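It should be emphasised that the depicted structure is a prediction, and the values quoted were computed from it without experimental measurement. Chain letters run A, B, ... following the sequence lines, proteins first and then strands; every chain starts at 1. What you see below is based on every heavy atom in this structure, not just the backbone, and it leaves out hydrogens, waters and symmetry mates.
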2 protein chains.
Amino acid sequence: MTMAKRDTYTPDSLLAVAVEVFNERGYDGTSMEHLSQAAGISKSSIYHHVRGKEELLERAVGRALEGLFAILDEPGAVRGRAIERLEFVTRRTTQVLMAELPYVTLLLRVRGNTRTERLALARRREFDQRMAGLLTAAVAEGDLRADMDVKLATRLLFGMINSLVEWYRPGAGARADEEVAAAVVRLAFDGLRT
Amino acid sequence: MTMAKRDTYTPDSLLAVAVEVFNERGYDGTSMEHLSQAAGISKSSIYHHVRGKEELLERAVGRALEGLFAILDEPGAVRGRAIERLEFVTRRTTQVLMAELPYVTLLLRVRGNTRTERLALARRREFDQRMAGLLTAAVAEGDLRADMDVKLATRLLFGMINSLVEWYRPGAGARADEEVAAAVVRLAFDGLRT
DNA sequence: GTGTCCCGACCGAACATTCGGTTAATCTAG
DNA sequence: CTAGATTAACCGAATGTTCGGTCGGGACAC
């Protein structure tokens, strides 16, 4: 029994609207009035679907973290030489970031003002550490330059990937997205120089 | 006749305090009460030194932009092969970012909610375009890989540099700072691989 | 006629900013 | 050297506004 199309909101469809506005104005810069206008329903109606503003943030960052951590369980991330796993995770992280752009964008901008935000920051740090482990392994296997601090390299690599949220906009097609992911991997591992 | 040291605030010394708080809590997440507590003076006293919250933001992003644009006028940025100028600007941008960290951090987090913020965003875009011009020239001179979209490469390069504001913390000494700048240049131009 | 979805009216709290002053240091005239 | 004027720096209390959230009720589908 498939449900007929509804023009009412579900918590998730409302979330999609809210996250767009959060990313445009910043979470703290967004009022419930802003959200209600963007969603086309009244402020009070929002509270019919979600408990409040913070629940929207919680759902959004949760979804982003879910997508990112799932990468680490994919076969390409657990088998093979460290450098191959690292390249895989780099490419997949870029792809997930593009696919879940609004949610990841919000995740990368939380500042730690509330418990929800601090929890998100902790999970992000955990992901970073898993990544740093891959770098270390790849250096040990002799496939990565040893003349650079691993933590520093991890941060720069991540910084490059995460910067996608500042400029990437979807809609140019799967081909274009593939090109972006490939460029990230190429730049990270082989550099800009001829 | 040098002025004796005063323990009172000037607009600039107050700015330094304010920017720290802005970066910790986010601009929109910071109340004047937060600022007054951090500065150790009352809320109303802040208005003796600056016109309001937005003037503090204005001064901060102005200072950051000043530092960044100054790089483009330095000799190393106007003379020599394009790739050398590009490497110079990459290194210098990293250094300025570290030296003016709190101000640049604030600049990079501006969302465009007010006229002040939109002005800052426009100036940032201008800087990016100057940078993209250097990339294009370096490709034309055959020193940069041609198999990557220039705009894409510019954004990734910048994303890597700008990500410093997320993790770099000063105080490890000039030697350590030099190492960071060198790592950025090496990673950007030669990649991670052995 | 009950549950889902929505609304306008409303609330207390927090917000940026203003106002009417006080304090303490500096300057100025005799 | 000092009394009086001036000023920068500051404060507590209050202003109007906006905030996130609540409430009681209406429409309408099943």
Any residue of residues 109-116 of chain A with a heavy atom less than 4.0 Å from an atom of DNA chain C: none
Check: A:K43 side chain, D:dG21 base, donor-acceptor under 3.5 Å: yes
Atom-pair distance (CD1 on A:I46; C1' on D:dT22), nearest Å: 14 Å
Enumerate donor-acceptor pairs with a distance under 3.5 Å from any side-chain N or O in residues 162-171 of chain B to protein atoms, sequence neighbours excluded.
{"residue": "B:N162", "atom": "ND2", "partner": "B:F158", "partner atom": "O", "Å": "3.4"}
{"residue": "B:S163", "atom": "OG", "partner": "B:M160", "partner atom": "O", "Å": "2.7"}
{"residue": "B:W167", "atom": "NE1", "partner": "B:S163", "partner atom": "O", "Å": "3.3"}
{"residue": "B:Y168", "atom": "OH", "partner": "B:D177", "partner atom": "OD1", "Å": "2.7"}
{"residue": "B:Y168", "atom": "OH", "partner": "B:D177", "partner atom": "OD2", "Å": "3.0"}

Under 3.5 Å donor-acceptor pair, B:K53 side-chain atoms to C:dT17 base atoms: no
Pairs involving residues 81-105 of chain A, ordered by first then second residue, that meet ring pair (Phe, Tyr, Trp, His ring centres under 6.0 Å) (sequence neighbours left out): none
Close side-chain approach of B:R91 to B:E178, heavy-atom, < 4.5 Å: yes
Show me the donor-acceptor pairs, under 3.5 Å and distance only, between side chains in residues 65-77 of chain A and residues at least two apart or in other chains.
{"residue": "A:E74", "atom": "OE1", "partner": "A:R92", "partner atom": "NE", "Å": "2.9"}
{"residue": "A:E74", "atom": "OE2", "partner": "A:R92", "partner atom": "NE", "Å": "3.3"}
{"residue": "A:E74", "atom": "OE2", "partner": "A:R92", "partner atom": "NH2", "Å": "2.8"}

B:S44 or B:H48, whichever maps to the more 5' nucleotide of DNA chain D: B:H48
Check: B:L187 and A:R145 side chains under 4.5 Å, non-hydrogen atoms: no
Residue-level proximity of residues 10-41 of chain A to DNA chain D when a heavy atom falls under 4.0 Å: A:T30, A:S31, A:M32
A:T10 side chain near A:H49 side chain, heavy-atom distance below 4.5 Å: no
A:S45 vs C:dC7: side-chain N/O to OP1/OP2 distance below 4.0 Å: yes
Rounded distance (Å) that lies between atom C1' of D:dG20 and atom CD of A:E54: 12 Å
Note, A:L135 side chain near A:V139 side chain (heavy atom, < 4.5 Å): no
B:S13 side chain to B:Y9 backbone, donor-acceptor under 3.5 Å: no
Flag for A:H34-A:S31: side-chain donor and acceptor within less than 3.5 Å: yes
Candidates C:dG8, C:dT17, D:dG21 - which lies nearest the side chain of A:Y47: D:dG21
Distance, rounded to the nearest Å, where A:H49 contributes NE2 and C:dG3 contributes C1': 14 Å
Heavy atoms from other residues, nucleotides or ligands near CD of B:E179 exceed 12 (cutoff 6.0 Å): no
Enumerate the protein-to-nucleotides 25-30 of chain D contacts in which both atoms are nitrogen or oxygen and the separation is below 3.5 Å.
none

A:N113 (side chain) donor-acceptor with B:R25 (main chain) under 3.5 angstrom: yes
